[in-house]
Protein chains: 2
Amino acid sequence: MKQKATLKQIAKELNVSVSTVSKALSNSPEISEPTKIKVQEFAKLKNYKPNNIAVNLKSKRSKTIGVIIPNILNPFFAKVFSGIEKGANDKGYNVITCISNESLEKEIHAMEMLSNGTIDGFILSISEETQKEQEFKHFKEAMSDDLPIVMFDRISDEVTCDKVIVDDFEASKDAVNHLIKLKCKNIALVSSIDNLSVGKLRAEGYIRALVDNKYTINEDIIIRTDNPDDFDERLKKLFDTKTIDGIFALDEHASVMAMKAAIKRGIKIPEELSIIGFADGVWSRRLTPSLSTISQHGPEIGEAAAEMLIKRLEAKEGEEPDYETRTIKTELRQRESTRKL
Amino acid sequence: MKQKATLKQIAKELNVSVSTVSKALSNSPEISEPTKIKVQEFAKLKNYKPNNIAVNLKSKRSKTIGVIIPNILNPFFAKVFSGIEKGANDKGYNVITCISNESLEKEIHAMEMLSNGTIDGFILSISEETQKEQEFKHFKEAMSDDLPIVMFDRISDEVTCDKVIVDDFEASKDAVNHLIKLKCKNIALVSSIDNLSVGKLRAEGYIRALVDNKYTINEDIIIRTDNPDDFDERLKKLFDTKTIDGIFALDEHASVMAMKAAIKRGIKIPEELSIIGFADGVWSRRLTPSLSTISQHGPEIGEAAAEMLIKRLEAKEGEEPDYETRTIKTELRQRESTRKL
DNA sequence: GTGAAAGCGCTAACAT
DNA sequence: ATGTTAGCGCTTTCAC
C-alpha cells in the first residue's frame with residue numbers, strides 16, 4: 001500500500017517545517033511565493049489530501065450531518081433525503097444516514113452512535129413507535145448536548161427545535177374542498193397511518209372541510225387505522241354501505257388500495273368516483289387511471305431542513321437564530337382519478 | 001452549553017492520571033477494582049462518551065463506509081441501501097451516503113470528498129454517465145489508495161474489486177422462457193436503460209431464450225433506448241405492427257408504461273397479453289393488474305456488499321481475501337399480469 | 001496499580 | 001519568511 005502523504009512527510013522531504021507546509025498549502029501570505037509554489041507542487045505530486053479526521057479533531061466540528069429516517073423505502077422519505085443530501089453537499093457537508101425502521105430503540109441507538117463527535121447535528125423524522133410511546137428524552141438530550149436537531153414531517157411539540165412541516169391540515173382541507181366542488185356527495189376518508197401526527201392532522205382537515213360545507217360526518221365511510229392489514233380488511237366493506245362518489249386517502253397504501261378496490265368493483269374512475277390521495281408522484285402517474293395527489297415537495301423539505309441546520313451550526317456563538325417552524329406549501333396535482341371542474 | 005466530558009477532565013476531578021481513566025474505562029486488568037469502579041461510575045454520571053474523532057485519529061480507521069448511489073428515488077437502490085445500512089450497523093459501522101445523480105462529476109466529487117480519512121471503504125453502483133464515458137480512473141485510484149470498493153449491480157470489468165451482482169442474463173432468460181411456456185408467440189422486448197451494463201445483459205438473456213427456443217428475433221417488437229421520452233414515443237407504435245402476446249420489460253419505466261399502453265388499447269391482461277418486468281415489488285403489487293416481476297432481492301445485495309467490505313477492512317494486513325464477485329439469485333414473482341401455467 | 005510521555009495529523013499562537 | 005511549540009482527545013508503551 002502506497003503510504004498516505006502527511007504534512008510531516010512533505011516537510012521532511014522538502015527540508016522545511018510542518019507549519020511552513022501547512023501555511024503554504026493554505027496560501028498564507030506569511031509564506032514566500034517560491035516556497036509556496038515548491039510546496040504546493042510537491043503536495044500535488046504526492047497527491048496530498050489533508051486528513052479530515054485530524055482537521056475535525058482540531059476544529060471540533062465534523063461538517064457532517066446525522067440523518068435519521070424511519071423508512072427509506074417510503075418514496076416521500078427518499079425524496080426528502082435527496083433534498084437533504086443536496087442541501088448538505090452544496091455547503092460542503094456530508095450526511096451520515098441511519099434508518100430507524102420505525103423503531104424507538106433503533107432511533108435511540110442511532111443517535112447514541114453518532115453523539116460522540118461524529119456529527120454536528122441531526123435532521124430526523126420521528127419513528128412511529130416513538131410517536132406512539134411519546135418518548136422524547138433522547139431528542140432533548142441531544143439538544144442539551146449542543147447537537148441541534150431539525151425535525152421534519154413527523155414532529156413533536158414537546159421538543160423545542162427547528163422544524164420543517166407540510167401544511168397537512170390545510171392540504172387536506174383543500175383536497176376535500178376540491179372533491180366537494182366536483183359535486184361529490186359521499187366522500188370517504190381512508191387512512192392506514194392513524195397513529196402518526198400527520199395522519200391525525202390530515203383527518204382533521206377532512207372533518208373541517210366537511211363541517212365548513214355543512215356535510216354530515218358519516219363514520220361508515222371513514223376508515224382510520226394504523227395497520228395495513230386491518231386496513232385491507234375494512235376496505236373490503238367500504239363500498240357496501242353506501243354509494244361513495246369521492247375518496248380522500250391519507251397515505252400511499254390507502255390511496256392505491258382504495259383505487260384498486262374500486263376498479264375491482266367495476267366502479268368507473270373518475271366518472272362515478274373521484275379519488276385524491278397522499279402518494280408518490282412518479283408512481284401515481286403510472287397508475288391507471290393516474291392518481292390525483294397532494295404533492296408534498298419532498299426535496300424542498302429536505303433542502304430547507306439542511307439549510308436551517310447548517311445556518312445554526314455556522315452561527316457565531318450566541319448568535320444562533322431562534323427556533324423556527326417552516327411550512328412547505330403542498331400542491332394539489334390533478335390527474336385522471338378526479339374529473340375536471 | 002454543557003461542556004463535554006473528556007478523559008482529561010475526569011482525571012483532574014478524580015485526581016488520577018488520564019491514562020488511569022482510559023484504562024479503567026476500558027476495563028484493563030492493570031487497574032484495581034476500587035479505582036475502576038470509582039472511575040466508571042463517575043464517567044457514567046458525567047455521561048462521558050469517548051470522542052469518536054480522537055479515537056479515529058488514533059486508530060486510523062473511521063468505522064464508516066461511504067456509499068455512492070446513482071439515484072435514491074429508484075426503489076431498487078433504496079432497497080439495496082437499506083441492506084447496506086443494516087449490514088453496516090450490525091457490525092458497528094456508520095454509513096455516509098452520497099447521491100451521484102447519474103453524474104460522473106458528482107461521483108468523482110463525492111469520492112474525493114470522502115477519500116481523506118472520513119471513510120474506510122466504498123460501496124457503490126456506477127453512475128450512468130460513468131458507464132457511458134467508460135471513465136474508471138477514480139475507482140482505480142481509490143483502490144490503490146487502500147480504500148477498497150465493493151461495486152453492486154452496475155459494475156465494470158475494468159476495475160478489480162469485490163462485486164455483488166444479480167444474474168441478469170439468467171434471470172432474463174428464465175423470464176422469457178416462462179413467457180414461452182405460457183405459449184406466447186410474439187414477445188416484445190422493451191427497455192429504457194439500454195445504456196447500462198445490466199440493460200445489455202438483460203437484453204442478451206432475452207435473445208438467448210428466443211434463440212434457444214427457435215423463435216425468430218423480430219426487431220419491430222424490440223424497443224431499446226436509454227431515454228424515457230424516446231421510449232414513450234416509440235412505445236406508441238409498438239402495438240401497431242404485430243399482435244403481441246407477451247412483453248418482457250427491462251426496467252421499471254418500461255414495465256409500467258408498456259402495461260399502461262396495453263390497457264389503454266383495451267388489450268386484456270393477462271388473457272391476451274402476458275407481461276413480466278423488472279420492477280419494485282411493492283408498487284407492482286399495487287398495479288391493476290398486479291405486475292409479474294423479477295425480484296432482485298435488493299436488501300440482500302446490500303447486506304452482502306456490506307459484509308464483503310467489512311470482511312476486507314477487518315482482515316489482518318496481508319490476509320485480505322481474494323477479490324470476489326458474488327451473485328445474488330433473482331426470483332420470478334408471478335402476479336396477475338401473467339396467466340397461470 | 002498508577003502515571004508520564006509520545007504520537008496520531010493538523011492548526012495557530014508565538015518565537016526567531 | 002520560517003520554525004518551534006502546544007494542543008485537540010485518545011491509546012499505549014514504558015517507567016516507577
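Below, chains carry the letters A, B, ... as their sequence lines are ordered, and counting in each starts from 1. Predicted model, so just to flag it, every value in this text is computed and none were measured.
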Is there a donor and acceptor pair closer than 3.5 Å between the side chain of Lys23(B) and the base of dG3(C)?
yes

With a 3.5 Å distance limit and no angle check, can you tell me whether Gln40(A) reaches the backbone of Ala24(A) through a side-chain donor-acceptor pair?
yes

Give the nucleotide from the list dT11(C), dT2(C), dG9(C) with an atom nearest to the side chain of Ala54(A).
dG9(C)

Taking only the side-chain heavy atoms of Ser32(B) (C-beta and beyond), determine which of dT2(C), dT11(C), dC14(C) contains the nearest atom.
dT2(C)

Side-chain (Asp120(B)) to main-chain (Ile65(B)) donor-acceptor, under 3.5 angstrom:
no

We want to know whether Ser125(B) and Asp153(B) form a side-chain donor-acceptor pair, criterion being a heavy-atom distance below 3.5 angstrom.
no

Range on DNA chain D touched by chain A - first to last nucleotide, heavy-atom distance under 4.0 Å
dA1(D) to dG9(D)

For salt bridge (Lys or Arg N to Asp or Glu O under 4.0 Å), just list the numbers for Glu102(A) and Arg154(A), CA-CA rounded to whole Å, side-chain angles, deciding distance to a tenth of an Å, and then say yes or no.
CA-CA 11 Å; Glu102(A) 306 288 9; Arg154(A) 304 194 199 155; 2.8 Å; yes

Taking CZ from Arg61(A) and P from dT11(C), how many angstroms apart are they, rounded to a whole number?
15 Å

Asn101(A) side chain to Ser103(A) backbone, donor-acceptor under 3.5 Å
no

Expressed as a whole number of angstroms, how long is the span from Lys4(A):NZ to dC10(C):C1'?
16 Å

Could you tell me whether a side-chain N or O of Glu303(A) sits under 3.5 Å from a main-chain N or O of Lys86(A), the two making a donor and an acceptor?
no

Under 4.0 Å between any heavy atoms, over every strand shown, what does Thr35(A) touch: base, sugar-phosphate, or nothing? Just pick one.
sugar-phosphate

Mapping Ser22(A) and Asn15(B) to their closest nucleotides on DNA chain C, which lands nearer the 5' end?
Asn15(B)

Using a cut-off of strictly less than 4.0 Å, decide whether Lys58(B) has a side-chain nitrogen or oxygen near OP1 or OP2 of dG9(C).
no

Heavy-atom donor-acceptor pair, Glu107(B) side chain to Ser127(B) backbone, under 3.5 Å:
yes

How many Å lie between CG on Leu57(B) and P on dA6(C), as a whole number?
18 Å

Between Asn56(A) (side chain) and Arg61(A) (backbone), is there a donor-acceptor pair under 3.5 Å?
yes

Return no unless some side-chain N or O of Ser19(B) is found under 4.0 Å from OP1 or OP2 of dA4(C).
no

Does Lys8(A) place a side-chain N or O at less than 4.0 Å from the phosphate oxygens OP1/OP2 of dC8(C)?
yes

Between the first and last five pairs of the helix from dG1(C)-dC16(D) to dT16(C)-dA1(D), the angle of the axes, rounded to 10 degrees:
60°

Contact class for Val18(A) vs. all strands (heavy atom < 4.0 Å): base, sugar-phosphate, or nothing?
base

Spacing between Leu7(A) atom CG and dC8(C) atom C1', to the nearest angstrom
13 Å

Nearest-nucleotide comparison on DNA chain D, the residue closer to the 5′ end among Lys49(B) and Glu30(A):
Glu30(A)

Can you tell me if Ser26(A) and Ser28(A) form a side-chain donor-acceptor pair at under 3.5 Å?
no

